[in-house]
Every structure is written in structure tokens, then in C-alpha cells.
S.K.: 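Structure below; questions to follow.
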Amino acid sequence: MPVSVPARALRGLSEAVSGLPRQYWWLWTSTLINKLGAFVVTFLALYLTTERGYSASYAGLVASLFGLGSAIASLVAGVLSDRIGRRPTLVAAQLGTALFTAVLGFTDGQVAIAVVAFLVGFCNNATRPATSAIIADIVPAEDRVRAFALNYWAINIGFGLSAAAAGLIATHGYLTLFLLDAFSTVVCAVVIFVRIPETRPDAPAAPADGPKAGPAIGLAGVFRDGRFMAVVVLNLLLALVAQQGSTTLAVDMGRAGITATQYGLVIGLNGLLIVVLQIPLTRWMEGRDRTALLVASALFIGWGFGLTALAGSSAWFYAFTVAVWTLGEILNAPTMMGLVAELSPAQARGRYQGVYSLSWSLASFLGPAAGGVLLERAGSGVMWGACAVVGTVAAGGYVLLGRRPGAALAKPDVVATGTARVTPADAAEPERAATGG
């Protein structure tokens with residue numbers, strides 16, 4: 001008797017979530033809670049222009065300062081994750097985010113709002129390197145792509161629901177959004193503090209009759225890692241393209257006569273497709289050639305945005321282009337995160353994750369401005385054509401990296417090792433903590 005579609009879907013979901021450590025699921029839960037309450041970032045520009053009456057240029061400046069804070073946090077939090085630990089860095093960042101988010105709701109004056117927005121951006125992005133390092137610490141290498149995909153899935157579920165709820169909540173006053181956002185972030189900090197032990201690997205012991213362990217890898221050492229930095233640069237190229245989805249695309253659609261309602265439905269397709277397709281596509285991706293996946297993702301992202309030049313005034317065609325680059329996003333995110341974790345030495349995972357996160361922060365800082373200038377001065381065709389070119393260049397870069405012996409897309413010669421510290425409560429179940437069984 002054939003198995004029904006719902007039954008196959010449930011079986012696939014069960015297989016996708018099985019075998020991961022319980023600490024991972026507490027981290028996953030905290031991520032979901034955090035994104036369910038992530039109201040402020042989504043509605044900040046609207047709040048500043050409609051509620052506070054500031055200009056669009058000022059709202060853009062605040063967004064840039066938020067991105068600048070995120071970029072600085074990528075490096076600082078990466079270093080702290082390796083020096084003082086993942087858990088204290090993550091908890092401190094979440095509490096700081098909660099504090100400054102609440103303060104932002106009460107802040108008045110352009111300078112004060114800009115300063116607090118910078119601090120919110122700093123604390124908010126400081127959670128990323130620590131979170132990624134924890135996943136790399138506690139999840140076996142063969143399960144990391146799946147683990148990062150599920151975490152990405154949680155982010156998009158939370159973001160989609162919070163964006164829908166925020167519009168309704170804002171009718172009762174924007175201050176409610178700020179306070180609920182701050183409260184959800186405090187809840188996340190409590191979950192991390194109570195349920196997740198410190199996972200920073202212990203320094204490997206030197207053999208009694210052998211040489212001493214080499215010096216710890218500093219931040220400068222990460223930037224000197226040519227293999228890793230090649231991956232970061234290629235990711236920056238794709239991130240610059242991807243940033244156009246939340247900025248330049250809206251402007252272009254508005255010029256084409258697409259209504260705000262239609263824009264909301266079109267861009268909402270991005271989150272919907274990720275929620276629906278991330279799990280089955282991640283299972284399909286397992287065991288497949290990593291170079292091919294990254295090349296395909298770069299082409300889907302670049303040419304998905306490139307096709308926007310042909311959309312005209314058709315909301316349906318815009319939706320088609322969103323579906324194309326969303327597919328690239330689904331293929332890219334878990335594959336890239338698994339690669340970064342694999343390339344990161346155990347004792348420097350925080351720093352490596354921080355530098356990788358920096359590529360996204362720089363893209364959020366530079367991408368909207370570059371896209372806006374190109375759209376304004378060169379026109380829609382050149383703007384979206386440039387996205388296709390950049391995506392193609394990134395794809396070519398992945399091909400070259402994949403062909404080089406011992407290159408970034410191949411597994412490192414030495415797999416980073418290290419033992420994660422666990423609390424006495426976790427030590428009672430060593431086998432389950434290690435295997436998630």
C-alpha cells in the first residue's frame with residue numbers, strides 16, 4: 001500500500017531532526033523564541049519615519065549605524081567566544097540586546113536614537129559567532145549541515161510569524177513592540193544560561209615526549225588563512241546580492257507600480273518557501289558534492305535577482321524571481337555554515353565564525369547603499385544585470401576553489417579536535433550528549 005504524502009512528510013521530518021544532541025535543541029528553541037519576538041529590526045525604519053516623523057535619509061543613516069555595530073560585533077564577539085567562552089558571550093549579548101532594545105523605545109532625539117541603534121546592532125549581532133560556535137562544538141561533523149539548516153529553518157519560522165504579528169501589535173503602539181522584543185530576548189538568555197553548558201573545547205594536551213602545543217590562533221591569524229578568507233570573500237559577494245532583496249527590490253517594485261500589499265505577498269514568499277522546502281532539500285543535499293551545491297546556489301541567487309530586470313510591472317514575475325533566489329539561499333546557507341565550521345580550528349571557532357559573520361555585516365552596511373546608487377544612476381537593467389554577473393563570478397570562484405588540491409572546499413588535512421566541557425548533570429549521559437540518541 002503506497003505511503004501517503006503527509007506520512008512521507010512526517011517521516012522525513014522525523015529523520016531530519018533525529019540524532020542531534022539535546023543541548024542543540026535548547027539552542028534551537030532559544031533561537032526560535034528570539035526570532036518570534038524580533039519585531040524592532042523589521043519595523044525600525046517604518047517606526048522612525050511614520051511614528052517619529054524623521055526623514056527617510058535619517059532612517060537610512062540609523063540602519064547603516066545598526067549595520068556598523070553588527071560588523072564590529074562580529075569580530076569582538078568572535079574573540080570573546082574563544083577567550084571567555086560561548087555561553088557567557090551569548091548570554092551577555094542577549095541581555096545587552098534586551099536592555100538597549102527597551103531603551104530605544106523610550107529614546108528621543110536624533111543623536112540619541114542613532115547611538116542606541118548602534119548599540120542594539122552591536123549586541124544583536126554579537127550572538128551569531130557564539131551560536132555558530134556552539135553548534136560546531138556539540139554537533140558531529142557529519143550532522144552539521146543538517147543542524148545549521150534546522151537552525152536556519154527556526155530563524156525563518158520566527159521571522160515570518162513575528163513580521164506578521166508585529167503589524168497587528170504596532171496598532172496598539174510601537175512601544176509594545178520594543179518591550180515584547182526585549183522580553184523575548186531575556187527569555188532566550190535565561191534558556192541559554194540554564195540549559196546549555198559551556199562548550200568551548202579544552203586546549204589539547206601536548207604529548208609528554210613531544211613538542212608543546214602551538215600558540216593560540218589570534219584574529220590576525222584568521223585573516224592570514226588564505227583558504228578560509230577566499231570562502232569569506234565569495235560569501236561577501238553573494239551577501240551583497242542577497243541584501244538587495246530587502247532594500248533595492250522594494251524601490252524597484254514601487255517604481256514599477258507594485259502596491260505595498262503586493263510587495264508584502266511577494267517578499268513573504270521567501271520565508272514561506274524556506275519553511276516549506278528547507279527540511280526536504282537539506283535531506284536531498286546530504287552526501288552531495290559541496291562544490292556543486294555552492295556553485296548552484298550562487299547561480300540561483302545571482303540570476304534570480306538578475307531576472308528581476310525582466311519583471312516589468314508583473315507581480316507574478318517578481319514572485320518567480322524571489323522563488324529562484326530563495327532556492328539558492330536554501331542551498332547556500334547550511335552548506336556554507338557547515339564548511340565554515342569544518343575549516344575552523346577548534347580553539348578558534350569563535351574567531352572564524354566572527355570573521356564569516358563580518359561578511360554578512362559588511363554586506364548589510366554596503367549593499368543597500370551600493371544597490372540604491374546603481375539603481376538611481378544606471379537604471380534597473382544594469383542594477384539587476386550586475387547581480388547576475390556577481391553571482392556568476394562567485395560561482396566561478398567556487399569552481400576554482402573546488403578544483404585546487406587541498407583547497408577550501410575539500411576537507412582540511414587535519415580535522416580540528418577538542419573536548420567540550422559539560423556540567424555534572426550532562427556527564428551522567430555522556431553517550432546521549434555525544435550522539436543525541
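Note that this is a predicted model, so its numbers are computed, not measured. Residue indices begin at 1 and follow the sequence shown.
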S.K.: As a quick check of understanding, evaluate side chain to side chain contact (heavy atoms under 4.5 Å, CB included) for Tyr318 and Val322, giving each step before the final call.
M.R.: CA-CA 6 Å; Tyr318 276 110; Val322 170; 5.6 Å; no
S.K.: Could you state the interatomic distance from CG (Leu358) to CG (Leu75), rounded to the nearest 0.5 Å?
M.R.: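 Rounded to the nearest 0.5 Å, the CG-CG separation comes to 5.0 Å.
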S.K.: If you compare all heavy atoms of Ala133 against all heavy atoms of Gln353, which two are closest, and at what distance to 0.1 Å?
M.R.: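 Closest pair (atom of Ala133, atom of Gln353, distance): N-CG, 4.1 Å.
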S.K.: Judged by modelled atom types alone, do Ser380 and Asp252 share a side-chain donor-acceptor pair under 3.5 Å?
M.R.: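 Result is yes, a qualifying pair exists.
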S.K.: Taking Thr101 for the side chain and Ala98 for the main chain, is one N or O donor matched with an acceptor at less than 3.5 Å?
M.R.: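 Absent.
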S.K.: How long is the span from the SG atom in Cys387 to the CD1 atom in Ile301, to the nearest 0.5 Å?
M.R.: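 So the gap between those two atoms works out to 11.0 Å.
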S.K.: Could you walk me through whether Val186 and Gln94 pass the side chain to side chain contact (heavy atoms under 4.5 Å, CB included) check?
M.R.: CA-CA 7 Å; Val186 170; Gln94 288 175 330; over 6 Å; no
S.K.: Counting distance only, does the side-chain N/O of Ser30 pair as donor-acceptor with the main-chain N or O of Leu27 below 3.5 Å?
M.R.: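 Side chain of Ser30 to backbone of Leu27, a donor-acceptor pair under 3.5 Å: yes, one is there.
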S.K.: Does the ring center of Phe118 lie less than 6.0 Å from the ring center of Phe66?
M.R.: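 No, ring centres 6.0 Å or more apart.
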S.K.: If we count only N and O atoms by modelled type, under 3.5 Å, do the side chains of Asn235 and Ser359 hold a donor and an acceptor together?
M.R.: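 Yes, because at least one side-chain N or O of Asn235 sits under 3.5 Å from a partner of the opposite role on Ser359.
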S.K.: Going by distance alone, is a donor N or O of one side chain under 3.5 Å from an acceptor N or O of the other, for Trp303 and Thr392?
M.R.: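 Side chains of Trp303 and Thr392: pair found under 3.5 Å.
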S.K.: Less than 4.5 Å apart, any side-chain heavy atom of Asn332 and any of Met336?
M.R.: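 A side-chain contact exists here, since the closest heavy-atom pair is under 4.5 Å.
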S.K.: With distance as the sole criterion, is a donor-acceptor pair present between the side chains of Asn270 and Glu329 under 3.5 Å?
M.R.: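 Asn270 vs Glu329: donor-acceptor pair found between side chains.
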S.K.: Can you tell me how far the CD atom of Gln278 sits from the CE atom of Met285, to the nearest 0.5 Å?
M.R.: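 Here the interatomic distance stands at 7.0 Å.
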S.K.: Go through it in stages, so that I can follow the logic: the residues are Leu65 and Phe122, the test is side chain to side chain contact (heavy atoms under 4.5 Å, CB included), and I'd like the CA-CA distance, side-chain angles, deciding distance and then a yes or no.
M.R.: CA-CA 9 Å; Leu65 289 173; Phe122 179 89; over 6 Å; no
S.K.: Could you give the distance from SG (Cys188) to CZ (Phe183), rounded to the nearest 0.5 Å?
M.R.: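 Cys188 SG to Phe183 CZ: 10.0 Å, rounded to 0.5 Å.
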S.K.: Hey, could you give me the CE/CG distance between Met229 and Leu343, rounded to the nearest 0.5 Å?
M.R.: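 Rounded to the nearest 0.5 Å, the CE-CG separation comes out at 12.0 Å.
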S.K.: Could you tell me if Thr185 and Thr97 have a donor-acceptor pair between their side chains, going purely by distance under 3.5 Å?
M.R.: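 Absent: no donor and acceptor within the cut-off.
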S.K.: Would you say the side chains of Asn125 and Ser70 form a donor-acceptor pair under 3.5 Å?
M.R.: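 Judged by distance alone, the side chains do not pair up.
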S.K.: Hey, are the side chains of Trp153 and Trp28 touching, using non-hydrogen atoms and a 4.5 Å cut-off?
M.R.: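 Yes, side chains in contact.
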S.K.: Taking atom CZ of Phe193 as the centre, does the number of heavy atoms from other residues, nucleotides or ligands within less than 6.0 Å exceed 12?
M.R.: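 No, CZ of Phe193 has 12 or fewer neighbouring heavy atoms, counting only those of other groups under 6.0 Å.
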S.K.: Could you walk me through whether Leu236 and Trp360 pass side chain to side chain contact (heavy atoms under 4.5 Å, CB included), step by step?
M.R.: CA-CA 6 Å; Leu236 174 61; Trp360 284 103; over 6 Å; no
S.K.: Less than 6.0 Å separating the ring centroids of Phe178 and Tyr47?
M.R.: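 Close enough - the centres of the two rings lie under 6.0 Å apart.
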S.K.: Quick one: pull up CD in Gln244 and CE in Met383 and give me the separation to the nearest 0.5 Å.
M.R.: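 The CD atom of Gln244 sits 3.5 Å away from the CE atom of Met383.
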S.K.: With a sphere of 6.0 Å drawn around CZ of Arg288, does it hold more than 12 non-hydrogen atoms of other residues, nucleotides or ligands?
M.R.: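 Buried by this count: over 12 neighbours within 6.0 Å.
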S.K.: Is the backbone of Ile274 close enough, under 3.5 Å, to the side chain of Asn156 for a donor and an acceptor to pair up by distance?
M.R.: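 Side chain of Asn156 to backbone of Ile274, a donor-acceptor pair under 3.5 Å: no, none is there.
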